[in-house]
Protein chains: 2
Amino acid sequence: MVESELYPLLLESGFHVPPFRRFALDEPFEIDFYPIALKVESPKIVHKSDVGGVALSLTNGHDAAAARDKMISSIREHGIPLNSDDGFIATAMIQGEELFAGVVNDPIFGQIILFGKGGVLLELYRDVCYIDTNADEEEILRSIRTTKISKLFEGFRGALPMMDSIVAFIQTLQRFIRTHPTIRECDLNPVIFNPQGLHVVDARIDYHSTPTLSEHPPRIRHNFFDNHTVALIGASNDPNKVGYAIARNALAFSGKLYLVNTKGGNFEGTPLYRSLCEINDTIDTAVITIPSCHVIETIKELIPKGVKNIIIVSAGFKEVGDTQSEERLNALAQKHNLNIIGPNCLGYYESTRNLNLTFGSPTIHKGSLALIAQSGAVLSSLMDKAAQEGIGFSHILSAGNMADMNFADIITMLSAAPECDAISLYAEGIQEGKAFLEALRRCSKPVRIYKAGKSPQARKAAFSHTGNLSGDYPMFRGLLESVGVKIVDSIEALLYTRSFDNIAIITNAGGPGTILTDTIIERGAGLYTLNENDIEALDGVLPSNWSRNNPIDIIGDARSDRFNAALRCVDAMEGVDMIYLLITPQLMTDTLDIVRLLDSQWNKPIFPILLGGAMMSKALLYLRERSKPCFTTLQDAGGFL
Amino acid sequence: MVESELYPLLLESGFHVPPFRRFALDEPFEIDFYPIALKVESPKIVHKSDVGGVALSLTNGHDAAAARDKMISSIREHGIPLNSDDGFIATAMIQGEELFAGVVNDPIFGQIILFGKGGVLLELYRDVCYIDTNADEEEILRSIRTTKISKLFEGFRGALPMMDSIVAFIQTLQRFIRTHPTIRECDLNPVIFNPQGLHVVDARIDYHSTPTLSEHPPRIRHNFFDNHTVALIGASNDPNKVGYAIARNALAFSGKLYLVNTKGGNFEGTPLYRSLCEINDTIDTAVITIPSCHVIETIKELIPKGVKNIIIVSAGFKEVGDTQSEERLNALAQKHNLNIIGPNCLGYYESTRNLNLTFGSPTIHKGSLALIAQSGAVLSSLMDKAAQEGIGFSHILSAGNMADMNFADIITMLSAAPECDAISLYAEGIQEGKAFLEALRRCSKPVRIYKAGKSPQARKAAFSHTGNLSGDYPMFRGLLESVGVKIVDSIEALLYTRSFDNIAIITNAGGPGTILTDTIIERGAGLYTLNENDIEALDGVLPSNWSRNNPIDIIGDARSDRFNAALRCVDAMEGVDMIYLLITPQLMTDTLDIVRLLDSQWNKPIFPILLGGAMMSKALLYLRERSKPCFTTLQDAGGFL
């Protein structure tokens, strides 16, 4: 598309373009918008500069005419004959900051807008943000504000605040995409930003022959978490089998549990049914651990039993190359309105009826955090850590290969589940990105996500591991943050649900207190500022050389009595929302007695940090045995904020 | 300074400036370098634009004369009478990328050059690097390459490589600073970069009335690490006292040890001398733990004994506001050529004579790492961790308040110490930055540094804690990296001395393997690529569904025999330089047996990672009891790379 065709298209789509006019080959110039750029327009010429077909900064008609004449002879010298189809376009040269806006077609998220600093610096600084085509104004603003260049739009150094124009520009681009659903790629580069607004100076648009990927609207589903009658297909007495571990964990279920094994007999006193026919009851939830080749026939047998929810633990599907069976699973789920989790997963836990259908940790504390993970090993590690540290769950879901239920479905259900207060998700590959974003947008609860596969090397590992596309990390992070998700940098941070703005640090060491302060600030959390009353209160119980500042350095010779006095004081401070108890192994430190203080009742959450090694091991063990959280490095301690 | 004075100064200093000419008030224009900018020059006018005294993009003499006439009338309208002192400066307008170069006067590092992207984006992107005035060409290059804009100088997108001009420009600026030692601040902004080179278009220079801070040249010192006869002043039988802990640790010294306590008696069979007079021997090294008020008189008594090295553990100096005593200590050290460490420190360890004069961990493994720390608590934590994980030291130095010996002195000595292969430093505040940089430049060994006090909040805490200036973190990091130091992000990383380029991961879990891959790549370390022979070897011992890729996923049901087979294979691969053994708690994982494999002899360093909690605790304990390193989170595992 040549500029004189492109500009009208952009204009009618609602963009601003610079003043322009096309002239025939020897038409005289009549222009009222100098200075101009003059370019030849001919289907015969692709690279205009190469044939002397571009002239910039022309300030008057005389210069422009001279430039045109020079251009014509230069093009003739290059052996290109010009005729009546050819001509010139004159465009006003406008000054301002070069921006970039573009549309890409992402295999996961579909059409996505990129916006940021343009020109040669686009590639150097990559100061761009990602905006979904369905993003509303608030989401657009949140995205734009992640760029550094956005300060220019908000009145940087006394400039006119122009954020409204920027948002309007993005909304124009959203409409443009909606009316051009076959756009494969579009670069508006540069877009010139100045006090008059945004002007698209050049554009390149590629179209697909057909509209781009469209996602299925999410299905209206039964509530997955409503489990009264559960059957375990593949319960086993062999302790090396998954069916053994799940059966052991499932025994505590407060609903009705049926264990099925073709061999019959019993499992720790509970009868083993030889087949589903033997069960004279409806079954709302089934967990399947038998070999993959028998899974589909088993589901067909479950359907007449009224099954709604199926957890397929069995492996041997997409991850070993069998995509066909997963398509059949998906079709079955569609046809009979089933909720299927897996295959190739670690199972499922739900707290209200104490239903542990996982082969992970047998100890699960009840709580209000829902944890979803795409890797069974990450899930089992986190469950094991949570068991040790007393962290409780409302739901645990191992997503597996996601043949039917994907993250969007799961998040939508969790958003409606009253037992769940917060959601954490470990993701490797994503399906149906737009539905995923929409589910997160509608989710009423705080969501934390860890995404693996940031580097190309890791994406290769993730793909060979789950067969799901891992995608571009900056885009993933940008889009998810724009819908309000907190992206965390360690899997352990998925076990925590809140951030803190008024943290107090009580410590027997200045240096580590300084480091922890840095970590807190880097994470965007906040340190509480002691007021006069606080300082007076602490003066009353601490030696005179305490830091009189937060971190509250109670000096290296502090023993448990002084730690206790400081804790009592700080625990009573209204503004404090969390306390780090940072203990280092100094000469007289009675670490075990200090951590024993945590057995008392306290108002605020207190997180002990035991910095060191051998000298801290007894105290660490003491806390572990009591299922209390405890950190051993400052990085881990700050990592969940 | 007006432009027509500034430009000649810059020219004679070796900078390029645009072509320029000054004209008297009604002198006719004769210019051969259009387009030009025209500005009024008058001592009566500070803000030229405000009175219409600037015209840009003038392309010919006619326009220029018109602009001058318009300017004169506009200035008259503002009520400013022009006379023969006043005139105009015409400067050629040159196109190109706007850069910035500047000089600041840092309280720690003195005069330092800043260089990077200029214009309005300077503040938005802060894409600048820091260059010492003494930096050589290699150091300058290393600094410049940390900026993103530097890609433009290296032939980005087919542009002419121009790095030589950039380095020459910085060297010109270095010479300029040397000949103008009173520069307090200098901004060359913008400096226009184009294929013709760098042109300083505008400059602002502030001078001090006197030359800026000059540092003392470092003193030629005795070797601190040569300790044959050691006296501990303040040895004590009271287990709550520092003098007790140091005496206990010092007993293993293979040289001659004298314990001094005014009460006399003995310490675990070793006599306690009442005073130094009682000792009929020279003393080369003394450690002092007695109250601060007696420290100086004690040193005076030690001087006749031939003392060379003094470690002052006693607190109560600068950190409580007493700077005077530290000045006296410094003067004593200068006068008698003493090496004084401290005061307010944790002590000193030296491996060749097994001299542990610290009150930190009594267990210190011998090794080749020298650890220096400005915080006693950080040091004691790291010593405790090192004891637990079998990490050995050649030297340990608690720097304390640095009344005499500072980091520059210590690093210079360690660089010459044959027992030391690598140096790690925990720093809060720095003194004499130029000497510090010079010591690091000359140091022949790899140096790792952790710097606390990145955020303003932490700098406040650090200052109240040590009384030393913490400084600007990006400048610190930039300058230290330019002299080849590795800046680490956790204090634990100080315990490790090398990075790895060919890491292999053996794991029973794909997800965590993916995360660890990300961590390795983020840290700039490298993952080994399996070749055909490697894959064939692993095919021979692993089940067919192993990942056939590094991370080597040996599948969730792997037990110790399979881990052993994989380890044997990978340990024999020539290209691998380190192995992570990443274990997650799966159903059949015999974690304790797996970590027992580490009791065998292996060729490569192997770092086990036990991901999880309760189910991993026995294996963790097993490794701890054998002083073997072990990580429990993926972040910590990658943190030292």
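Residue numbering restarts at 1 for every chain, and letters A, B, ... go by the order of the sequence lines.
Inspection of the A:T584 and A:N508 side chains reveals an N or O donor paired with an N or O acceptor under 3.5 Å. No hydrogens or angles considered: a donor-acceptor pair under 3.5 Å links the side chains of B:Y125 and A:D127.
The greatest number of non-hydrogen atom pairs below 4.5 Å with chain A, out of B:D489, B:T632, B:D557, is found for B:D489. Between chain A and the residues B:K148, B:K241, B:M588, B:K117, the most heavy-atom pairs under 4.5 angstrom are made by B:K148. Of the listed residues (B:L382, B:N545, B:I149), the one with the most heavy-atom contacts under 4.5 Å to chain A is B:I149. Put simply, of A:T517, A:D518, A:L610, A:L124, the one with the most heavy-atom pairs under 4.5 Å next to chain B is A:D518. Of the listed residues B:G556, B:S380, B:A386, the one with more heavy-atom pairs under 4.5 angstrom with chain A than any other is B:S380.
In this structure, OG in B:S57 is found 13.0 Å from OH in B:Y34, a value given to the nearest 0.5 Å. From A:I609, atom CD1 reaches atom CD1 of A:I505 across 7.5 Å, with rounding to the nearest 0.5 Å. A distance of 5.0 Å separates OG in A:S236 from CG in A:D238, rounded to the nearest 0.5 Å.
The side-chain heavy atoms of B:F359 and B:L346, taken from C-beta on, include a pair separated by under 4.5 Å. Residues A:T633 and B:S490 have side chains not in contact (no heavy-atom distance under 4.5 Å, counting atoms from C-beta outward).
The aromatic rings of A:F193 and A:F153 lie perpendicular to each other, with more than 60° between the two planes, well past the 30° mark.
Looking at B:E97, the atoms closer than 4.5 Å to chain A (heavy atoms on both sides) all sit in the side chain, from C-beta outward. Of the two parts of B:Y244, neither the backbone nor the side chain holds a non-hydrogen atom closer than 4.5 Å to a non-hydrogen atom of chain A. Residue B:V378 touches chain A through both its backbone and its side chain, counting heavy-atom pairs closer than 4.5 Å. For B:I491, the part sitting under 4.5 Å from any heavy atom of chain A is the side chain, from C-beta outward, and nothing else. In this structure, chain A has heavy atoms under 4.5 Å from both the backbone and the side chain of B:P585. For B:L121, the part sitting under 4.5 Å from any heavy atom of chain A is the side chain, from C-beta outward, and nothing else. When heavy atoms are compared at a cutoff of 4.5 Å, B:E492 approaches chain A solely by way of its side chain, counted from C-beta outward. Using a 4.5 Å cut-off between heavy atoms, B:M383 makes no contact with chain A at all. Using a 4.5 Å cut-off between heavy atoms, A:Q457 touches chain B through backbone and side chain atoms alike. Neither the backbone nor the side chain of B:E389 comes within contact range of chain A; no heavy atoms are under 4.5 Å apart. Within the 4.5 angstrom heavy-atom criterion, atoms from both the backbone and the side chain of B:M615 approach chain A. Of the atoms belonging to A:E625, not a single heavy atom falls under 4.5 Å from chain B.
One finds no salt bridge joining A:K151 and B:E123 here, because no Lys/Arg side-chain nitrogen approaches an Asp/Glu carboxylate oxygen to under 4.0 Å.
For A:G453 against A:A458, the heavy-atom pair with the smallest separation is CA-CB, 3.8 Å.
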- Task: Please lay out, stage by stage, how B:L122 and B:V120 fare under the test side-chain contact (heavy atoms from CB on, under 4.5 Å).
- Result: CA-CA 5 Å; B:L122 168 63; B:V120 67; over 6 Å; no
